[in-house]
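Below is one structure; the comments refer to it alone.
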Amino acid sequence: MITTVKGMRDLLPPETRVWNRLEETAREVFALYGFDEIRTPVLESTELFVRSVGESSDIVNKEMFSFEDRGGRRLTLRPENTAGVVRAYVEHSLAQEGLVQKLYYLGPQFRAERPQKGRFREFRQIGAEVLGAADAATDAEILILLFDLFSRLGFTGLRVSLNSVGTDECRPAYVDALRAFLAPLAESMGEDDRRRLEQNPLRVLDTKDPALAERLAEAPQMLAFLDAESLAHHETLLAQLDEAAIPYTIDPRLVRGLDYYTRTVFEVTAPNLGAQNALLGGGRYDRLVADLGGPKTPGIGFAIGEDRLVSALPEAYRLDALLRKGTVALVALGEDDRADALALARTLRAAGIAVDFDPRGRGPGDGLKAAGKKGHALAVLVGSREREQGIALVKNLALRTQDIVPRAELVTFLKGKISS
RNA sequence: GCGAGAGUAGCUCAGUCGGUAGAGCGCCGGAUUGUGGUUCCGGAUGUCGCGGGUUCAAGCCCCGUCUCUCGCCCCA
């Protein structure tokens, strides 16, 4: 048997209904906030990710699906989508339009990690990027959008963690101070934390060693090292979030794994997701466009892990998405009634009613059984007697009741049932 | 990349001391030639992940390998 490749999975019905509903909701929200969709290739030059995500990051270091094509070009399946969006922004000179570009995307991403709960080698992200606006109000609107989206999905009590990682101008001073603070502790650190101290001291703040975490309470904080502009940006953002009644938690230890972030960074985690509990992450990246050869352009974005979001969805939203409210099952009562049923199906569909016709002609018992199993609420039954009398039988599969409806009134009758 | 656990029917799993494979659910057929979910009767479930080894004999023991699961690193 040929099976899926390690870390990849099939999404099967009826579960795909949940994914579709979720994506519809996301598209609605993006449209409400004035975003347009962008679609970028799954395959990009390896160089793009090395330059954007960062050579020191784990993603570039050990998690990319990279290969050479027949022309010797070094290619990579995208591990994230921000780089591709920014590449497209630069390649097509979108800055020339002089507008704030508000873009969203949906699609698969690839990282060659060891799979575990909530982590797959192919996973899907729903994300957005705003390019061309440095104002804190942009950050605020992004977080308001997220709050709105999660509210529509039925989440309550989710809280965004927020921090500022400053800019290239003020961060080095902080890193020096942090290093000085951590140096005496290196002796007592575990292997992981000592490695982080070498490579990226900010990451030590994320330690899972409780003893070390306790001593970090005394550590210098980035917020104290912010330059005047970054501090003003941060404080303006907080004021605007308060004004909008968006709940958040300042987390001075929040640092993120991609090298391109500046100033605002944020994250939302959810319980019951296991060890991989980050539902979304994002931040501002005021340097990235220039780094990729474009005009100096500020940007901010986020990415939601769609796979994780689906598994964290409130039950009510899931169940509602699984219902096939709009579809009626059509059952031909006899072997010879299928031509009539097909004609009726066409009439109903032309009127906008979704019809699931079982072509096997196995009779009412099996037809109704299948309809119930597929989750349909209504079944329309037609046979020779019904044809002669110009009627159809409409059965409510849950209540087991049956109405006799003249064919001429069938569309109106079904529409009334479906909408109620 | 590192660590631990698991892999037997479509699904969830049992399988004793090594003796040639089972249950429940689901599926199919019948009781029921035009009315489903309940009930009753009957039926098929299979490369015991794959390869090798030990043995008279391996689902069971040993080695390798693949996949899955959970954790680490890291991230969505």
Side-chain angles (χ1 to χ4, degrees), chain A residues 1-9 12 53-54 56-64 78-82 106-127 190-196 199-200 203 206-209 254-258 266-270 273-283 301-312 329 331-337 358 361-376 378-387 393-402:
Chain A
M1 184 173 47
I2 299 173
T3 58
T4 50
V5 171
K6 182 191 186 78
M8 319 259 162
R9 56 180 184 155
L12 305 172
V53 176
S56 69
S57 70
D58 275 32
I59 291 177
V60 169
N61 252 350
K62 56 177 194 183
E63 296 172 4
M64 295 205 299
R78 63 183 183 201
E80 57 105 50
N81 218 328
T82 299
L106 295 170
Q109 319 291 335
F110 301 85
R111 292 180 198 173
E113 299 178 273
R114 186 74 156 249
Q116 70 183 73
K117 188 180 177 71
R119 193 172 67 190
F120 310 96
R121 290 184 161 193
E122 180 188 30
F123 59 102
R124 292 134 194 103
Q125 286 187 332
I126 300 175
E191 197 181 320
D192 282 337
D193 285 317
R194 215 171 308 164
R195 182 175 44 75
R196 290 158 141 179
Q199 288 177 358
N200 185 353
R203 299 225 62 93
D206 248 353
T207 185
K208 292 192 178 168
D209 174 2
L254 177 63
V255 289
R256 301 198 43 77
L258 285 62
F266 54 91
E267 188 173 278
V268 173
T269 57
L273 282 181
Q276 311 303 325
N277 62 355
L279 214 47
L280 71 92
F302 65 83
I304 302 170
E306 191 177 1
D307 302 72
R308 290 180 189 175
L309 181 55
V310 167
S311 53
V331 177
L333 292 173
E335 292 268 326
D336 302 327
D337 300 319
D358 189 334
R362 297 195 303 180
D366 290 321
L368 289 171
K369 191 175 174 183
K373 212 165 136 184
K374 284 181 108 174
H376 299 306
L378 296 176
V380 175
L381 299 91
V382 289
S384 51
R385 292 207 285 276
E386 288 71 23
R387 186 160 58 248
L393 306 176
V394 178
K395 183 144 186 162
N396 183 314
L397 289 163
L399 302 176
R400 319 196 88 183
T401 55
Q402 189 166 288

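This one's a predicted model, so the numbers in the text were calculated from it and none came from an experiment. Below, all heavy atoms of this structure are taken into account, side chains as well, without hydrogens, waters or symmetry copies. In what follows, chains carry the letters A, B, and so on, assigned in the order in which the sequence lines appear, proteins first and then strands, with residues in each chain numbered from 1.
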Rounded to whole angstroms, how far apart are [atom1] on [X] and [atom2] on [N]?
X	N	atom1	atom2	value
A/F110	B/A76	CZ	C1'	14 Å
A/E113	B/C70	CD	C1'	15 Å
A/L254	B/C75	CG	C1'	13 Å
A/M64	B/C74	CE	C1'	15 Å
A/L399	B/G37	CG	P	16 Å
A/F123	B/C75	CZ	P	12 Å
A/I59	B/C73	CD1	P	16 Å
A/D192	B/C72	CG	C1'	7 Å

Return the nearest nucleotide to the side chain of [X]; candidates are [options].
X	options	value
A/R308	B/A76, B/C72, B/U35	B/A76
A/K117	B/G71, B/A76, B/G34	B/G71
A/A303	B/A76, B/C74, B/G34	B/A76

Do any N or O atoms of the protein come closer than 3.5 Å to N or O atoms of nucleotides 66-68 of chain B, and which pairs are they?
residue: B/C68; atom: OP1; partner: A/G7; partner atom: N; Å: 3.0

Hey, does [X] reach any base, or is it just sugar-phosphate, or nothing, if we go heavy atoms under 4.0 Å?
X	result
A/L309	nothing
A/G127	nothing
A/L280	sugar-phosphate
A/N396	base
A/G281	sugar-phosphate
A/E386	base
A/Q109	nothing
A/R196	sugar-phosphate
A/I126	nothing

Whether each nucleotide of nucleotides 5-10 of chain B has a protein heavy atom under 4.0 Å at its base (B), only at its sugar-phosphate (S) or at neither (-) is summarised, 5' to 3', as ------
Taking only the [atom1] atom of each, what is the distance from [N] to [M] in whole angstrom?
N	M	atom1	value
B/A58	B/U16	C1'	16 Å
B/A6	B/A14	P	11 Å
B/C11	B/G46	P	12 Å
B/U8	B/U45	C1'	13 Å
B/G18	B/C13	C1'	22 Å
B/A23	B/C63	P	33 Å
B/G43	B/G26	C1'	14 Å
B/A21	B/A44	P	15 Å

With rounding to the nearest 0.5 Å, note down the distance linking [atom1] in [X] to [atom2] in [Y].
X	Y	atom1	atom2	result
A/E113	A/E63	CD	CD	3.5 Å
A/R121	A/R111	CZ	CZ	13.0 Å
A/K6	A/F120	NZ	CZ	13.5 Å
A/Q125	A/L280	CD	CG	10.0 Å
A/R203	A/D193	CZ	CG	11.0 Å
A/L397	A/L378	CG	CG	7.0 Å

Do you know which two heavy atoms are closest between [X] and [Y], and how far apart they sit?
X	Y	answer
A/A379	A/L381	O-CD1, 3.8 Å
A/P79	A/I59	CB-CG2, 3.6 Å
A/L399	A/N396	N-OD1, 2.9 Å
A/H376	A/A329	CD2-CB, 3.7 Å
A/D358	A/A370	OD2-CB, 4.0 Å

Would you list the protein and nucleotides 25-27 of chain B atom pairs, both N or O, that sit under 3.5 Å from each other?
residue: B/C27; atom: OP1; partner: A/K373; partner atom: NZ; Å: 2.8

Read 5' to 3' with Watson-Crick or G-U pairs under 3.5 Å, [ ] for crossing pairs and | for partners on another strand, RNA chain B gives (((((((..((((.....[..)))).(((((.......))))).....(((((..]....))))))))))))....
Between A/Q125 and A/L381, the residue closer to the 5' end of RNA chain B by nearest nucleotide is A/L381
Comparing A/T401 with A/D366, nearest RNA chain B nucleotide closer to 5' gives the residue A/D366
Next on the checklist: OP1 or OP2 of B/C75 versus the side-chain N and O atoms of A/R203: is any pair under 4.0 Å?
Outcome noted: yes
Requested in this report: Give a yes/no answer on whether the side chain of A/Q116 brings an N or O atom under 4.0 Å of OP1 or OP2 in B/C70.
Outcome: no
- request: Please report the C-alpha distance between A/L393 and A/K395 in whole Å, then the side-chain angles of each, then the deciding distance to 0.1 Å, and finally whether the side-chain contact (heavy atoms from CB on, under 4.5 Å) criterion is met.
  value: CA-CA 6 Å; A/L393 306 176; A/K395 183 144 186 162; over 6 Å; no
#### Entry: Beyond-backbone contact of A/L273 with A/K117, side-chain heavy atoms, under 4.5 angstrom
no
- Is the closest side-chain heavy-atom distance between A/M64 and A/K62 below 4.5 Å? no
side-chain contact (heavy atoms from CB on, under 4.5 Å) with A/Q109: of A/R78, A/R124, A/E122, only one passes, and it is A/R78
So for [X] and [N], does any side-chain atom that can act as donor or acceptor lie under 3.5 Å from a complementary atom in the base?
X	N	result
A/E63	B/C75	no
A/E267	B/A76	no
A/R124	B/A76	no

For A/T3, the side-chain contact (heavy atoms from CB on, under 4.5 Å) test, sequence neighbours excluded, returns A/M1
A/D337 meets the side-chain hydrogen bond (donor to acceptor under 3.5 Å, both in side chains) criterion, sequence neighbours left out, with A/R387
**Q.** Ion pair check, A/D366 and A/K369, cut-off under 4.0 Å
**A.** no
